[in-house]
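Chain letters run A, B, ... following the sequence lines, proteins first and then strands; every chain starts at 1. Treat the numbers as computed from the prediction; the structure is a model and nothing was measured.
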Amino acid sequence: MYNEKVMDHFSNPRNVGEIKDANGIGEVGNSKCGDIMRIYLQVEDDIIKDVKFKTFGCGAAIATSSMVTEMVKGKRLDEALEISNQAVAEALGGLPPAKMHCSNLAADALHEAIKDYIAKKGK
Amino acid sequence: MKRIYFDHSATTPVDREVAELMLEYMTDKYGNPSSVHAFGRETRKALEEAREKVAALINAAPNEIFFTSGGTEGDNLALKGVAYANRKKGNHIITTAIEHHAILHTCEYLEKQGFSVTYLPVDENAMIRMEDLKNAITDQTILISVMFANNEVGTIQPIKEIGQLAKEKGIYFHTDAVQAAGNYPIDVKELNIDLLTMSGHKFHASKGIGALYIRRGVRVEEIQHGGGHERNLRAGTENVPGIVGLGKAAEIAKRDMEEKVTYIQGLRDKIITTITEKVPHIKLNGHPESRMPGNVNFSFLYIEGESLLLNLDMKGIAASSGSACTSGSLDPSHVLLAMGLPHEVAHGSLRVTLGRGNTEEEVDYFLGIVPEIVEKLRSMSPLYGS
Amino acid sequence: MKRIYFDHSATTPVDREVAELMLEYMTDKYGNPSSVHAFGRETRKALEEAREKVAALINAAPNEIFFTSGGTEGDNLALKGVAYANRKKGNHIITTAIEHHAILHTCEYLEKQGFSVTYLPVDENAMIRMEDLKNAITDQTILISVMFANNEVGTIQPIKEIGQLAKEKGIYFHTDAVQAAGNYPIDVKELNIDLLTMSGHKFHASKGIGALYIRRGVRVEEIQHGGGHERNLRAGTENVPGIVGLGKAAEIAKRDMEEKVTYIQGLRDKIITTITEKVPHIKLNGHPESRMPGNVNFSFLYIEGESLLLNLDMKGIAASSGSACTSGSLDPSHVLLAMGLPHEVAHGSLRVTLGRGNTEEEVDYFLGIVPEIVEKLRSMSPLYGS
Ligand SMILES: Cc1ncc(COP(=O)(O)O)c(C=O)c1O
Ligand SMILES: Cc1ncc(COP(=O)(O)O)c(C=O)c1O
Ligand code: FES
Ligand code: FES
C-alpha cells in the first residue's frame, strides 16, 4: 500500500514531539476522517530553527507530518510557505490515491503555524 | 520474520485436507455433474455427499442446502429471492444497522425496487432489543434478517428469540451466519431459522464457495438465470472442487466444534484480560458474554487504528481495524458508530480474530508488544496527555 | 478400464500447474486482498497479476477485466448490467435462438422486466445472417449479444462483422465466449467487442471462476450488492485461488494457442473424415469450416442419443448428446431444432469435444468402436431398414 519511503517516515518519524516555548503553533484536522495534526515552530530571524509535530492519524498522516518537518527545518518562512501538500506527497515518492485528500494535510498545518507566528509577532 | 495471523474474521487458511481433496476434484475427478457419463456421475455423487455434510453442520436436510459463490451471493439470494417471491404478501423487511454490506447494500437496492426496510438500532454492546423488533413488525412484513454474529465486534444476537417471534408472526427469518457457521454451534431447527447464509472461506474451506440454507417450503425466486442447476435456484456449472471442499470443511468443523470453541475462547480471554490489565484508556467493544469465541475488539483511546495495524504488521502480526483510514472510505465502521462510539474512539479500534491454528506463544508475543506500540503512538498524539 | 474424456465443451481437467498454484493460495498465501497487512498485500498483488494475464489473453487492458463466479454469472451481469444501466437509451436487445441458457433465460427474465428481445434465427449450419441482424436493429436497440462459438455444434459466428456493425450503429456488443476463450484466438480490439464472457473451467482453470471483459466506458450496473469489490461492479470476497488459477490458465492458453489449435483440429478432422467414410446415414451438424477446433457433432439417423452415449460410456468413452433424454427435459437441443433438424434427427446426435490431453490412440479406439455401436443400435431400431 505505502512505498518504502513512506514506511520509513512512518516507522521512524522525524521530529516528533512538542516545543515548549514554540513561537508558532498550527493545527489542522479532517473532521470527517478524524485525523489531527499539530506543528510547533521555533522561528528566529524568519528562519525555522526548530520544528516538531504531533499527529493522530493513519500511516500517511504520520509520514507526511514527519516529511514536512524535514523539508522546512532551516528554511526561511517565505520558502516554507511555498511548500504545498502536493510537494510533500511527492517528496515521499507518492501516496495511495485514497489517502491524497484525506491525510495529506501536513503543509496546511505548517502554514497555520507560520500564520500563527506572524500573527503573534504582529502584536 | 515469523508471521502471525490474527485476522480469521476476514478469511481463514484452507485446511490442508480440504485443499488436497479439492486438488483431486480438479485434476482427476473433473467431470461436469450434469454429464451422464462416468466422469459426471462421479462428481454428481461427490456433490450430493458434500450437501449432506453441509446440511449436517447446521442440522438441516440435504435438499435444504443450495450452493453459492460465497456469503455475498447467499445474502443477495436470500433477500432478493424472498422479497421477489413474496411480493404479494407484503413489501416490508426488517434488518439491523450493523449488518455486513452484503445485507445493507442489498436492502438499499430493494428500497429502490419499492420495498421498505427498517434498520433496527443496537445497544452499546451491539445487541438488538427484542422490543424494537416487535414494534417494527407490520402486516406488510415478509422478512426479518438479523445476522447471527457480527463480523467486527463478535456480538451474537438473540437468534432463538428472533426465530420464535418470526414463527409466531408467520414471517420468514433469515440470518447471515457467515461468521458463525463452522465456528459456532448452530441448529436451524432448534433456532427456527428459515434461511441461513454461510461462506466457506470463514471456516477453512476456499474463497468463492458458500451455501444458503432454505427451509423446505420457503418461497425464494432465483436471481441468477441459466441452466437449471441447484434445482432451478442457482444456475451455473457447480463449483465441484469448492463444494467438495466445503463438505469436508463442514465435516471437520462439526467434528471438532466443541474442542475448537473452548481452545479459541481460552486464547481470546487471555488477550482480553491481559490488555485490560496492562493498557490504560481502552474500551472493549462488543458484548462481554454473548460474543464469538475468537473475537477481540478494543478501542485504544487517542490513537488511530491504521497506525496501530501498520506497527503490528511491521512486527509480523496481521490484525484488522474499524478505522476508516484502512478502508479508504471517510467514515469509520458503521458498526462502531451504531453502537454509539464517538468518531475518534471508533477510529482507534483494533480487531483480533483467532483461529484454531493460533498458539499461546503467538498470543504472548502479541501481548508483549501491544503496550509498547500503543505507548509510542500515544506519545505522538496531539490528543493524549494534553 | 481406460477412461477417455471427449467432453471438453462440458468442462476440462484443471491443469496440474494451475491446481498446484491454487493450492498454494489456499493453504499458504491465504490473505484477504482487502486486508492492509502483509497477508492481504500478497494476495492483492497476485490478484492484479492474474488480471493482467487474463487481459492479455484477449488483448484487453487489465482494468477492463472483472472476475465472476463463472460463465453464467458473467452472462447475467453483462445482459442485466447493460440493460439496467442503459434503460434510458432504449429497451431492445438482440440475441440469437441458439445461445446458451445462461443468455436465453436471462433474456426471458428481462422480457418480464419490460425489455423486448429479438431472437435471431440461424441457418442450417447454425450461422446467423448479417441481413437478419441489420433488420432487427431499431432505435431502441441498446445491446446485441451473439455467442462467439456454439457449445453444441461448434459454429463460430461472424464476430468481426457484428462488431463492426454494432460500432457503426452505436450499440453495445456482448459475446458469450465461454467456449472460445482460451481455446481459440480472440482479440477484443480487432473484433470491436464491448463485453465478453469467459469461464475458467472450459480452458483448464477451475469451475467456479470466470471473468467478464467490459470495454472502458461501457455503462454496466452491478447485480450483486455488498462490499465494493471489483471496483464496485461485483461484490464478494475475491476467489483468490480461482483467480490466480485463471490467470495461470490464461497465460498457458495464450502461450500454447497456435500449437494447441493445430493439434486438436487434426484429431477433429480425423474423426470427421473417418466417420463420414465408415458410417452411412449420418449428418455433420454445425458449420463445415467456421467451427471450433475441438468440436465434432454428428446425427446418426434412426438411433437415439442417450443409448449411444451409454454404449460409449460402457466402453470408457465420455461424450455428450443434444438428446432430450440426457437432460431430463422433453425437447431435444434447442440449437439443433433452430438449425432446422427434425426431432428424430436431433435426438440421434453425438457431440465429441476434444482437448489437448487427448491422443491419436484414443481417437483410433473411438473410431474403431463407433461403427459397431451404431450398427447394433440401428439393428434394434424400428425406424431403420423399414
Ligand atoms: C457477516 C458477513 N456477511 C457476509 C460476508 C460476505 O461473505 P463473502 O466474503 O464470502 O462474500 C462477510 C465476510 O466478508 C461477513 O463477515
Ligand atoms: C456457451 C456457454 N455459455 C455459458 C455457459 C455457462 O458457463 P458456466 O458453466 O461457467 O456457468 C456455458 C457452459 O456451461 C457455455 O457453453
Ligand atoms: S488519517 Fe484517515 S486516511 Fe489518513
Ligand atoms: S427415449 Fe427415454 S427419455 Fe427420451
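By the 4.0 Å N-to-carboxylate-O rule, C:K29 lies close enough to C:E24 to be salt-bridged with it. We find that C:R3 and B:E42 are joined by a salt bridge, their nearest charged nitrogen and carboxylate oxygen being less than 4.0 Å apart.
Heavy atoms closer than 4.5 Å to chain B are found nowhere in C:A205, neither backbone nor side chain. Within the 4.5 angstrom heavy-atom criterion, no atom of C:E99 approaches chain B. For C:D313, the part lying under 4.5 angstrom from a heavy atom of chain B is the side chain only. If you measure heavy-atom distances from C:H201 to chain B, the contacts under 4.5 Å come from the side chain alone. Proximity to chain B (any heavy atom under 4.5 Å) is restricted, for C:I4, to the backbone atoms N, CA, C and O. Contacts of B:I243 with chain C are absent, with no heavy-atom separation under 4.5 Å from either backbone or side chain. With a threshold of 4.5 angstrom between heavy atoms, B:T12 approaches chain C through N, CA, C or O but not through any side-chain atom.
No other option in B:G70, B:G208, B:G245 has as many heavy-atom pairs under 4.5 Å with chain C as B:G208. Taking C:H100, C:M26, C:H105 one by one and counting their heavy-atom pairs under 4.5 Å with chain B, the maximum is reached by C:M26. The greatest number of non-hydrogen atom pairs below 4.5 Å with chain B, out of C:S320, C:G227, C:G31, is found for C:G31. Note: B:S69 leads B:G228, B:G316, B:S69, B:G242 in heavy-atom pairs under 4.5 Å with chain C. Of the listed residues (C:P13, C:A102, C:G236), the greatest number of heavy-atom pairs within a distance under 4.5 Å of chain B belongs to C:P13. Contact count against chain B (heavy-atom pairs under 4.5 Å) is highest for C:H101 among C:E108, C:M22, C:H101. The residue among C:T11, C:T27, C:N76 with the most heavy atom pairs within less than 4.5 Å of chain B is C:N76.
Residues C:T197 and C:I103 form no side-chain contact, since every pair of their non-hydrogen atoms from C-beta on lies 4.5 Å or further apart.
A donor-acceptor distance shorter than 3.5 angstrom exists from the side chain of B:K202 to the backbone of B:A10, with no hydrogens or angles considered. With hydrogens and angles ignored, the 3.5 Å screen pairs no side-chain donor or acceptor of C:H174 with any backbone N or O of C:A78.
In this structure, the separation between CG on C:L308 and CG on C:L350 is 5.0 Å, given to the nearest 0.5 Å.
Side-chain contact check for C:H37 and B:D7: at least one donor-acceptor pair (N or O, by modelled atom type) lies under 3.5 Å. A donor atom on one side chain and an acceptor atom on the other are found under 3.5 Å apart for B:S9 and B:Q179.
In this pair, B:F6 and B:F366 present their aromatic rings perpendicular. The plane angle is above 60°, beyond the 30 to 60° band.
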